[in-house]
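Have a look at the structure below, then the notes.
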Amino acid sequence: MHAYRLFADGPRLVADQPVPEPREGEILVKIAGAGACHSDLHVIDATAADTSFFTPPFTLGHENTGWVAAVGPGVRNVPIGEAVAIYCAWGCGRCRACAVSAENYCEAQQLLLGGGLGRDGGMATHMIVPAARYLVPLGELEPRDAAPLTDAGLTPYHAIKRAAPLLVPGATAVVIGVGGLGHMALQILRATSAVRVIAVDLSPAKLDAARALGADATVLADGDALARAREALRGRAADAVFDFVGAQSTIDLGRKLVRADGEFAIVGLAGGVMPYAQGKIAWGARVSTPFYGSIAELREVIALAARGDLRAHVTRFPLERIGEAYAALHDGTLDGRAVITPNG
Ligand code: NAD
Ligand code: ZN
Ligand code: ZN
């Protein structure tokens, strides 16, 4: 089969990757869609610099949907042909966190592995999923366009749910970076709360899209971003700030915007450092670095999408044009998410 694999010297499309056979407990999924996430660019860069957590080679693509193609021995109640979302953080399955389906916070693994992150992922016609619990039925959702729900939807959903006690009517949330994750965050805030939402981005086109998705105010992240954001906040501080960039400039912006006893969730992995000390952020503000979400939360995200309250803006690319998808992601010119469709 064709697969887009990351090697020590960079990623490339290969034509001769064998279609894997599902072993005991495993499921073979025919891929419908594999979203291109900015984390892939971080992993590709880290691999080139020899600082990656993950050992190449492996097939990229951790944001996947597809159809069950075959099941290994011992797998029951997984119908062949069923359209499924694939949960991407594969834990030990036995620890306290995994027992409540929060495999994203597995206690037994220092380093989380998943398909597309250390193990073979979805940028191929087929992939192996190691256990049936990672499959969530998609119902009537279009499988290709649903792929971003598994990360670009799940990760902000989890961050927003953790901040839910603060997100009351009259409160304000700031969303920094309204790309793949951020454009889903805006919709999730709209669908699950009555807060005022302020969107921040470098790109005027992304801010236009953010207004169309219900942002009440937008702020261009240039040199005046702090003053403009304070204006948009009408002189108050934000109840919650969600940073979907994680660069030094966005962390420094976010920590200055959040109110005392508020929440600052740093989701982006761009390598900025939060100076966590008295005086660097309002008193009592909680700083967190949420990572994906639980399997139960993926079901909630899919339910939100099934209601019509959450929909990724998707541009589809065939596997042969994957280079264009990553170039557009890198350049910030996508509307929403690029989804690779290896089976057309
Ligand atoms: P993306 O490229 O689709 O979106 C990023 C957005 O941020 C773009 O709209 C871009 O214009 C904007 N941006 C970039 N620099 C900015 C700045 N300095 N100020 C304001 N806006 C800026 O990326 P994505 O796929 O949505 O991923 C976002 C980040 O989240 C990445 O760092 C990714 O690795 C990370 N991520 C984290 C998790 C997690 O579990 N913690 C999961 C998925 C992705
Ligand atoms: Zn991702
Ligand atoms: Zn575990």
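Note that ligands are numbered from 1 as they come in the structure, with each ligand's atoms numbered from 1 the same way.
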Is it the side chain, the backbone, both or neither of Asp151 that has a heavy atom closer than 4.0 Å to ligand 1? side chain

Any heavy atom of Ser249 sitting closer than 4.0 Å to ligand 1? yes

Anything protein N, O or S sitting under 2.8 Å from the Zn ion (ligand 2): count it and give me the total. 3

Taking transitive links into account, so neighbours of neighbours count too, which hydrophobic residues share a cluster with Val339 at under 4.5 Å side-chain distance? Val314

At under 4.0 Å between heavy atoms, is it the side chain or the backbone of Phe291 that contacts ligand 1, or both, or neither? both

So is Cys37 touching ligand 1 or not, going by heavy atoms under 4.0 Å? yes

Would you list the pairs meeting ring-ring contact (aromatic ring centres under 6.0 Å, His included) in which at least one residue belongs to residues 270-326, sequence neighbours left out? Tyr4-Tyr326, His183-His313

for atom 26 (O) of ligand 1, nearest protein heavy atom and its distance come out as Leu181 N, 2.8 Å

Logged contact type for Pro290 with ligand 1, heavy-atom cut-off 4.0 Å, is backbone

Around the Zn ion (ligand 3), how many protein N/O/S atoms fall inside 2.8 Å? 4

For ligand 1, the portion of Leu202 having any non-hydrogen atom under 4.0 Å away: both

Check His38 against ligand 1 and report side chain, backbone, both or neither, counting heavy atoms closer than 4.0 Å. both

